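These numbers come from a predicted model, not from an experiment. Order of the sequence lines fixes the chain letters, A, B, ..., with proteins taken first and strands second; residue numbering starts at 1 for each chain.
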Amino acid sequence: MAKEHGKRPYIRVFVGLAVLTAIEVAVAGLALDDALRIFILLGLAAVKAALVALFYMHLRYDHRLLAVIGGFPFLLVVIMLIILMADRVIKS
Amino acid sequence: MSTATPTAATHKDYRYAPVSFWRRYVFSTDHKIIGVQFLFSSLLFFIVGGLIALLMRTQLAWPWQEIPVLGQYIYGSTGNILSPEGYPALVTMHGTIMIFFFIIPVLSGAFGNFLIPLMVGAQDMAFPRLNMLSYWFMVPAFLVMIFGFFVEGGTAAAGWTSYVPLSALPDMVPGSGMGQTMWIISLLLVGTASTMGAINYITTIVMLRAKGMHMFRLPMTIWALFITAILVLLATPVLTSALLLLLFDRTIGTTFFLPEGGGNPLMWQHLFWFYSHPAVYIMILPAMGMASDIISCFARKPLFGYKPMVFSIMAIAGLGFIVWGHHMFQSGMNPVLGITFMTSTMMIALPSAIKTFNWLGTLWQGQIHLTAPMLNALAFVSTFVIGGLSGVFAAATPVDIFLHDTYWIVGHIHYVLFGGSLFGVFGAIQYWFPKMFGRMMNETWGKVHFILTFVSFNLVFFPMFILGAYGMPRRIADPYNYTFLSNLQGTNQFMTISAYVLALSQVILFVNFFVSLYRGRKAADNPWQANTLEWTTTSPPPLENFHALPVVYRGPYEYSSPEVEEDWLPQNRELVPAPAD
Amino acid sequence: MGGLIPGASTFAGPIDSLFMVVLIVTGVAFVLVEGILVYFLIRYRRRDGGKATYTHGDRRIELTWTIIPGLMLFGLALYQYNTWIDAKIFMPGSDALVVDVSANQFEWEATYPGGDGLMDTPDDIKAPINILHFPVNRPVIIRLTSVDVLHSFFIPALRVKQDAVPGRTIMFWFEATQQGEHDLACAELCGLGHYRMRGQVTLESQADFDAWLEDLEARSQGN
Amino acid sequence: MTHTTAAEHHHTTPVWEGIKTVKFAIWLFLASEIMFFAGLIVAYISIRYSDPNWLLASELLSVPLVALNTFILIFSSVTMVLAFDSAEQGDLQKSRYLLLATAILGIVFLSIQGFEWSDLMHEGIQASTNLFGSTFYTLTGFHGAHVAIGVIWVLSVTAKAFRGGYAEDHLGIELAGLYWHFVDLVWIILFTIIYLI
Ligand code: HEA
Ligand code: HEA
Ligand code: CUA
Ligand SMILES: [Cu+2]
């Protein structure tokens, strides 16, 4: 956490995020097959989230323990999501 | 709070110890005082919840009877008899109070607060002010919940699980009006409080350990409280979100859980149990840890299999997040999920098994002192096993078809929660009382309380398994209008009378507690000749816990070590030649 | 404690035997643990001057008492799969009698197929409140719904329990094996009348059942 | 491993293996926040995919506007991180103005969202209208509340910065930043699952 860390790629990350957002909006517009579109969009969102966490929240430079604290909940989220999707009833 | 650097503040506190009564004993930031505050308030709620239980038991033994003298005071509004809507309210309050206001606060709140800094060798929690705040979030929670008794319609009456739609539709039962909303708000406050506590505990245990106190030199109590705090941290917010959704369904007309609006009632159960199954381990792990310390100390023998013990706590916590569906086997949840949940639930019995066997291993070839704390710790082991094993029946999905929501489950609950956690608490109270208050509790009366409690406990709750095998459903005010239960009144009356005895036995504990508080024999610094750090300071400890911060040279269980001739070896005693740290 | 109350359906066999298996496994574990506990307490109670054996444990022992219960538990898990699949996932074929049961605070209401033997046809017959009849030795499929809150359809003797969820129709089945009168209990807290939400179940021969149904039909035409 | 405890370092936060206590605690807090939103989001997804004829947000709301809002929030994230960075580099003046910018961007985000809400209300969609309404207002509402808290926090940090704070210890800025980026991260996910999918 000292000053000696050189310039970090904050601006580049920002550009990346902006571009990805643009792509997302574009993809959302495309007439793709739903599953594929959702897959791409979630992928892009994940990348953006990862960028923020790694660079803006310094997980890339900080102690690994912090990354574990921040990352572990996502494991639980995935479990929750899988179970609830498996248990939902489609009403038509 | 978050940007403050509290340690500076805490440090100051020691120099100019707060003089005013209020800052010292009421709005105190001293973890020891806060721990004691939690202890007293949760014991108070044990009494409240317990007395409610006695009302339930009375109803189950002599349904719709006028209660001789007290009736007019208790059920005055309904002609001195319990009203049909009264019973579910009693059940709900009993469960809610016992779980959220008694067992969780007494374990994490009271002992967590009092023991963590002392046992890791710190002067206070990492965030003393946050710690105080956490207690002062509990108080309004208490008040709101109690206030529920007085709003019209009475308290929440949908069970401590508050299943929707019963709890979501304000006009479903009398209690699901204002009372249910109170219940939600109260639990929101409790959740916030325990999350604050969890953050504080984890930070303290990771950051403020004394020099040489490696993670694998921590006492089991601390390990248990540590993992418990992690469970609280990650599970509670899910309950919070579920409670908020429920609140919206009740107030602003959303329909998350209401089928009319396309919502999904089972969603509540999923979210609730995603919290509440980990929560049941929140209610047992600290007791396990404290029992481990007590057993090792009074067997005068190192804890058998320290690392396996630690890893099984972790395993219980980890698996605890993927078994919640075992509460929903019959709920209409996709039955295929029943298979996965059943398998994971079966496997979660394994770490508990490992712990059980290691407790036995600790006793093996020990020098067992049957003191009051030890007796209670041993009762913890023996009754927790019964409770756990009864859980395995419920985990067996096909058997659960029959057992679900019968008294078998009620028996399970009480064997793990009363037999397990509560005996652990009884043990812990009598073990750490000298450190908390500088006086000893009366040993003889401790033993009397133990024997009476242990016997009457089993007489109250073991028959529940039989009722369960008869298929007696839970939460029913009057079993006897079912023909297949009509012959069970005798059994129920027997249980109820035993429950009265159980209650009176608790009076012994309370009297012993309060008398010892003033009249008890003065306690030495280390009355049990134990190894952990809290015993190396004075009883009660000074405001800053340790006059000089301890340095740790070994694990917490070096009893009967060949290195010294006495049979204990404190963690902080430096042997010459000093072993490499 | 001699197992569950007598059963009267095809589920009673497998479920009760599974109960017994679990009872034996856990019983063994129970006797083992408590026995050893008590023995140690007597055998190793404090003796003056003596010191306890100084040991921190033993990897081999740890492994044994990890692996053995582990296998037992996993075996126990696998052992139940079929019973569960049979009870809750599998559905009987066309010969089954389909009955709609609707729960409300605090009553059970059953609807039977009329003369055409089919559900969802105009001639379906509503049985009187809290009265249910089922033929023995014939699979019965219940289509369970609730109009207000959660309830649970629990006939102990038949070893069936299924929550009724408003907004859903949940299908489950059973096959009664013995004639007789039984209680239908509500096993999910549903409000102040939960304890008295009792249905009367009659298990009778196919013939008696048909007779009952016809007489029901007659009366429903009557008025 | 060097443990430093409360007593040894009076007026600096204790550090363990290079992690500052308060920062560690903030991360724990964020972990619990993740689980909180997890509850809401998982509920939303499961409800939504139970309903085949779910009306899409894109049919009711102007995606470009929200995209702009997303961009604003991302932009506020970079100003925030740069504020911290320039403080680290010793350029406190720059840091102050970046903090201010962050707070302002946050406010802009909130006002655009407020506009969007009132817009939707006029289209006759309340929280009680249908599940779309319920989930939409709940998710964006709780996120908005977090942004609001973030704004207040950042403003207080800004004030302190202008009063010459954070001369040598920038922890305060970093903590506010962590929270701010977290809120941004949550929005990245919400934006995708509410508006785009
Ligand atoms: C302290 C609290 C606590 C604890 C520790 C447990 C522990 C366990 N519980 Fe329990 N449970 C509750 C509190 C707790 N439970 C509560 C409050 C409810 C009711 C909620 C409600 O509906 O109101 C409940 C309900 C409940 C259900 C739902 C029943 C139903 O509603 O249909 C199930 C089902 O699987 C279950 C299973 C288990 C299992 C498998 C364990 C295991 O962790 C037990 C593991 C321990 C052992 C198995 C004993 C020691 C092991 C050995 C001696 C080794 C040998 C053993 C074998 C080889 C089998 N519990
Ligand atoms: C820690 C948890 C805990 C504890 C300790 C207890 C303790 C007791 N419980 Fe309870 N119980 C639950 C947790 C607990 N319970 C839960 C979670 C449920 C499910 C709720 C639901 O279904 O929603 C439940 C449900 C439950 C039922 C089922 C109700 C139903 O489904 O219809 C019954 C019935 O007998 C019961 C009985 C008892 C009894 C007799 C005690 C006794 O052990 C109580 C003995 C203690 C006292 C009586 C207090 C002692 C104090 C004094 C009397 C001394 C006074 C002193 C002074 C004045 C100084 N409990
Ligand atoms: Cu219907 Cu309980
Ligand atoms: Cu559970």
**Q** Which one of B:Ala198, B:Ala235, B:Gly261 has the most heavy-atom pairs closer than 4.5 Å to chain D?
**A**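 If we count pairs closer than 4.5 Å to chain D, B:Gly261 comes out on top.
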**Q** State which residues pass ring-ring contact (aromatic ring centres under 6.0 Å, His included) with D:His143; sequence neighbours excluded, sorted by chain then number.
**A**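 If we apply the ring-ring contact (aromatic ring centres under 6.0 Å, His included) test to D:His143, skipping adjacent residues, the hits are D:Phe109, D:Trp187.
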**Q** Applying ring-ring contact (aromatic ring centres under 6.0 Å, His included), name anything that partners D:Tyr179, two or more places apart in sequence or on another chain.
**A**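 For D:Tyr179, the residues satisfying ring-ring contact (aromatic ring centres under 6.0 Å, His included) (neighbours in sequence not counted) are D:Trp153.
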**Q** Can you name the closest pair of heavy atoms from B:Met207 and D:Lys20 and give their distance?
**A**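 Smallest heavy-atom distance, with atoms named: CE-O, 4.2 Å.
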**Q** Report yes if the side chains of D:Met35 and B:Phe274 come closer than 4.5 Å at any heavy-atom pair, otherwise no.
**A**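 They are in contact (side-chain heavy atoms under 4.5 Å apart), so the answer is yes.
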**Q** Which of the residues D:Tyr44, D:Phe24, D:Phe142 is involved in the greatest number of heavy-atom pairs with chain B at under 4.5 angstrom?
**A**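 Highest number of heavy-atom pairs under 4.5 Å: D:Phe24.
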**Q** Can you name the residues of residues 123-136 of chain D that have some heavy atom under 4.5 Å away from a heavy atom in chain B?
**A**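 Only D:Ala127, D:Ser128, D:Leu131, D:Ser134, D:Thr135 of residues 123-136 of chain D have a heavy atom under 4.5 Å from chain B.
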**Q** Can you tell me how far CG of B:Leu271 sits from OG of D:Ser46, rounded to the nearest 0.5 angstrom?
**A**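 Nearest 0.5 Å value for the OG-CG distance: 8.5 Å.
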**Q** Taking the side chain as every heavy atom from C-beta outward, state whether B:Thr254 and D:Tyr137 have any atom pair closer than 4.5 Å.
**A**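 Answer no - side chains too far apart.
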**Q** Just how far is it from atom CZ of D:Phe36 to atom OG1 of B:Thr195, taken to the nearest 0.5 Å?
**A**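 Taking CZ in D:Phe36 and OG1 in B:Thr195, the distance rounds to 11.0 Å.
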**Q** Quick check on B:Leu245 against chain D: is it the side chain, the backbone, both or neither that has a heavy atom closer than 4.5 Å?
**A**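 Side chain of B:Leu245 only, per the 4.5 Å heavy-atom cut-off to chain D.
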**Q** For atom CZ of B:Phe546, decide whether the heavy atoms of other residues, nucleotides or ligands shown that lie under 6.0 angstrom number more than 12.
**A**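 For B:Phe546, atom CZ is crowded (more than 12 foreign heavy atoms under 6.0 Å).
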**Q** Going by the rule salt bridge (charged side-chain N to carboxylate O under 4.0 Å, His left out), which residues pair with B:Asp30 if we only count those two or more places apart in sequence or in a different chain?
**A**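 For B:Asp30 the salt bridge (charged side-chain N to carboxylate O under 4.0 Å, His left out) partners, ignoring immediate neighbours, are B:Lys32.
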**Q** Answer with side chain, backbone, both or neither: which region of B:Phe248 has an atom nearer than 4.5 Å to a non-hydrogen atom of chain D?
**A**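 Interface part for B:Phe248: side chain.
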**Q** Which heavy atom of B:Ile199 sits nearest a heavy atom of D:Leu28, and at what distance?
**A**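 Looking at all heavy atoms of both residues, the closest pair is O-CD1, 3.8 Å.
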**Q** To the nearest 0.5 Å, how far apart are OG1 in D:Thr138 and CG in B:Leu244?
**A**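 One gets 9.5 Å once the value is rounded to the nearest 0.5 Å.
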**Q** CE/B:Met267 to OG/D:Ser50 distance, rounded to the nearest 0.5 angstrom?
**A**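 The distance works out to 6.5 Å.
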**Q** Any idea which heavy atoms bring D:Gly39 and B:Ser241 closest together, and the distance?
**A**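 Looking at all heavy atoms of both residues, the closest pair is CA-OG, 3.6 Å.
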**Q** Answer yes or no: are there more than 12 heavy-atom neighbours, outside D:Phe162 itself, under 6.0 Å from its atom CZ?
**A**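 Above 12, so yes.
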**Q** Answer yes or no: is there a side-chain heavy-atom contact under 4.5 Å between D:Thr21 and B:Phe127?
**A**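 Of all side-chain heavy-atom pairs linking B:Phe127 with D:Thr21, at least one is under 4.5 Å.
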**Q** In sequence, state the C-alpha distance, the side-chain angles, and the governing distance for B:Leu233 and D:Phe29, and then conclude on side chain to side chain contact (heavy atoms under 4.5 Å, CB included).
**A** CA-CA 8 Å; B:Leu233 184 78; D:Phe29 168 67; over 6 Å; no
